[in-house]
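Keep in mind the model is a prediction, meaning the values are calculated, not measured. All values below come from the heavy atoms of this structure, side chains included, with hydrogens, waters and symmetry mates left out.
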Amino acid sequence: RRLMSQEAALKYFLLGAFASAFFLMGIAYLYGYSSSVTFAGIHSAVIGGSGNDIYLLLGIAFISVGLLFKVGAVPFHAWSPDVYQGAPTAVTALMAAATKVAAFGAMLRIFYVSFAEAYWQWRPAIIAIALITMVFGSLVAIAQRDVKRMLAYSSIAHAGFLLSGVIALSKSGLESSIFYLFAYGITTVGAFAIVTLVRDSGGEVTDLNRWKGLGKRSPWVATAFAGFLLSFAGIPLTSGFIGKFSIFSAAYESGARSVVIAGVLSSAIAAFFYIRVIVLMFFTDPVED
């Protein structure tokens, strides 16, 4: 019944329909290129060089658009903040964790199996998208005053970090991506579970100003949320640090040094807005209302 939820639903429906159309068009082009829609069939066509290369390029581009929309990478991210804020928090947690894990699982499977031999045709574009996604998500999150919108832009930045594993195209890249997805999924569900617990008489309170002094009112809730935020930030001894270290190591070994540099700088920027929330919870006096 909320207008914000109706707007979020409409945006997700329209943009999702467009993304699905792009994805299906990509499948059609790949079928035109390889006469197959199986991963193995497309892979053997790429190796053999059979078919028109323009069909292959269009197929890769359109399928990438569909998948990048699902993971919320820039410039296909426009739905993320509004949908995260407008949806019920339990649904937001499912979308932020399960949908992103599933979409990256599909992306890893397609790029590692079908498009591995067409490496130089898609790698530059994915590197550019990864760089923009990391930096944009981290910078815009600083300006957010709503917890769910902040976590939405945080998830955009994490999509950029995860694209490093796709770019690596190696065994270590695959392993580190799977670990990162596992750690990120659990942390995201935990963070949104905490968001549902912070309430007043009107329901959930997502305005950051209302979270002031939460550490004094509800120390266990605030401590749990701080732990999840530190993991998002990639602070040492957390699963987020291990995930980022391994995925950036794999990208560095593959020669994508620009991605690693941008990733480390974006992580430093992201640490600022995560730690700002911790300071707000523990080192600010609660509002009396």
Checking Y274 against S154 for the side chain to side chain contact (heavy atoms under 4.5 Å, CB included) test, could you report, in this order, the C-alpha distance in whole Å, the side-chain angles of both residues, the deciding distance, and whether it holds? CA-CA 9 Å; Y274 292 129; S154 159; 2.4 Å; yes

Could you please spell out the steps behind the side chain to side chain contact (heavy atoms under 4.5 Å, CB included) verdict for S267 and K244? CA-CA 9 Å; S267 296; K244 281 182 182 175; 3.4 Å; yes

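- When all heavy atoms are compared, the tightest approach of L67 to A103 is CD2-O, 4.1 Å.
- Under the side-chain hydrogen bond (donor to acceptor under 3.5 Å, both in side chains) criterion, R145 pairs with N209, sequence neighbours left out.
- Note: F76 CZ to L68 CG = 5.5 Å, rounded to the nearest 0.5 Å.
- Here the shortest heavy-atom pairing between D82 and A78 reads OD2-O, 3.9 Å.
- S170 places a side-chain N or O within donor-acceptor distance of the main-chain N or O of G173, the cut-off being under 3.5 Å.
- More than 12 heavy-atom neighbours from other residues, nucleotides or ligands sit within 6.0 angstrom of CZ on F179.
- Placement of L15 and Y153 in two distinct hydrophobic clusters is found when ILVMFWY residues are connected by side-chain heavy-atom separations under 4.5 Å, directly or transitively.
- The ring of F115 has its center no closer than 6.0 angstrom to the ring center of W122.
- Rounded to the nearest 0.5 Å, atoms CD1 (I60) and CG (L30) are 7.0 Å apart.
- The neighbour count for F22 CZ, taken as heavy atoms of other residues, nucleotides or ligands under 6.0 Å away, does not exceed 12.
- A donor-acceptor contact shorter than 3.5 Å is absent between the side chain of S138 and the backbone of I269.
- Aromatic pair F62/Y29: ring centres closer than 6.0 Å.
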List the steps, then state whether side chain to side chain contact (heavy atoms under 4.5 Å, CB included) holds for I129 with V74. CA-CA 6 Å; I129 289 168; V74 177; 5.8 Å; no

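- Of all non-hydrogen atoms in V46 and S114, the two that sit nearest each other are CG2-O, 3.9 Å.
- In this structure, T284 contributes its side chain and M281 its backbone to no donor-acceptor pair below 3.5 Å.
- Put simply, the side chain of S44 gets close to the backbone of G41: a donor and an acceptor are under 3.5 Å apart.
- If you look at F248 and F161, their ring centroids are closer than 6.0 Å.
- With hydrogens and angles disregarded, no donor-acceptor distance shorter than 3.5 Å links the side chain of H77 to the backbone of G72.
- Considering CZ of F241 and CD1 of I235, their distance stands at 9.5 Å, rounded to 0.5 Å.
- In this structure, W211 and F225 have tilted ring planes: the angle between them lies in the 30° to 60° band.
- Checking side-chain atoms of Y33 against main-chain N and O of G59 turns up no donor-acceptor pair under 3.5 Å.
- Looking at K212, its side chain never comes within 3.5 Å of a backbone N or O of F283 through a donor-acceptor pair.
- Taking both residues in full, the closest heavy atoms of Y84 and K148 are given as O-CE, 2.9 Å, listed atom of the first, atom of the second, then distance.
- No more than 12 heavy atoms of other residues, nucleotides or ligands lie within 6.0 Å of OH in Y55, so this atom counts as exposed by the packing criterion.
- Within the 3.5 Å criterion, the main-chain N or O of P88 finds a donor-acceptor partner in the side chain of T92.
- Atom CD1 of I178 sits about 10.5 Å away from atom CD1 of I247, to the nearest 0.5 Å.
- Residues S36 and S34 have side chains that never bring a donor and an acceptor to within less than 3.5 angstrom of each other.
- Judged purely by atom type and a 3.5 angstrom limit, D207 has no side-chain atom pairing as donor or acceptor with the backbone of R210.
- Taking OG1 from T38 and OH from Y31, the interatomic distance works out to 11.0 Å, rounded to the nearest 0.5 Å.
- Both the sub-6.0 Å distance and the 45° axial angle are not jointly satisfied by R109 relative to the ring of F39.
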Applying side chain to side chain contact (heavy atoms under 4.5 Å, CB included) to V279 and R276, what does each step give before you reach the verdict? CA-CA 5 Å; V279 170; R276 182 183 65 184; 5.7 Å; no

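- The closest side-chain heavy-atom distance from Y112 to L174 is below 4.5 Å.
- Within 6.0 Å of atom CZ in F18, 12 or fewer heavy atoms from other residues, nucleotides or ligands are found, so the atom counts as exposed in its surroundings.
- How far CG of L214 is from CD1 of I194: 9.0 Å, rounded to the nearest 0.5 Å.
- Under the 4.5 Å side-chain criterion, counting only non-hydrogen atoms from C-beta, L151 is in contact with F232.
- Side chains of T89 and T196: a donor-acceptor N/O pair is absent below 3.5 angstrom, by distance only.
- Minimum heavy-atom separation, A226 to F282: CB-CE1, 4.0 Å.
- Side-chain contact check for Y180 and H158: at least one donor-acceptor pair (N or O, by modelled atom type) lies under 3.5 Å.
- In summary, the side chains of S231 and Y184 do not present any donor paired with an acceptor at a separation below 3.5 Å, with no hydrogens or angles considered.
- Listed for the T187 side chain is a donor-acceptor partner under 3.5 Å among the backbone atoms of A183.
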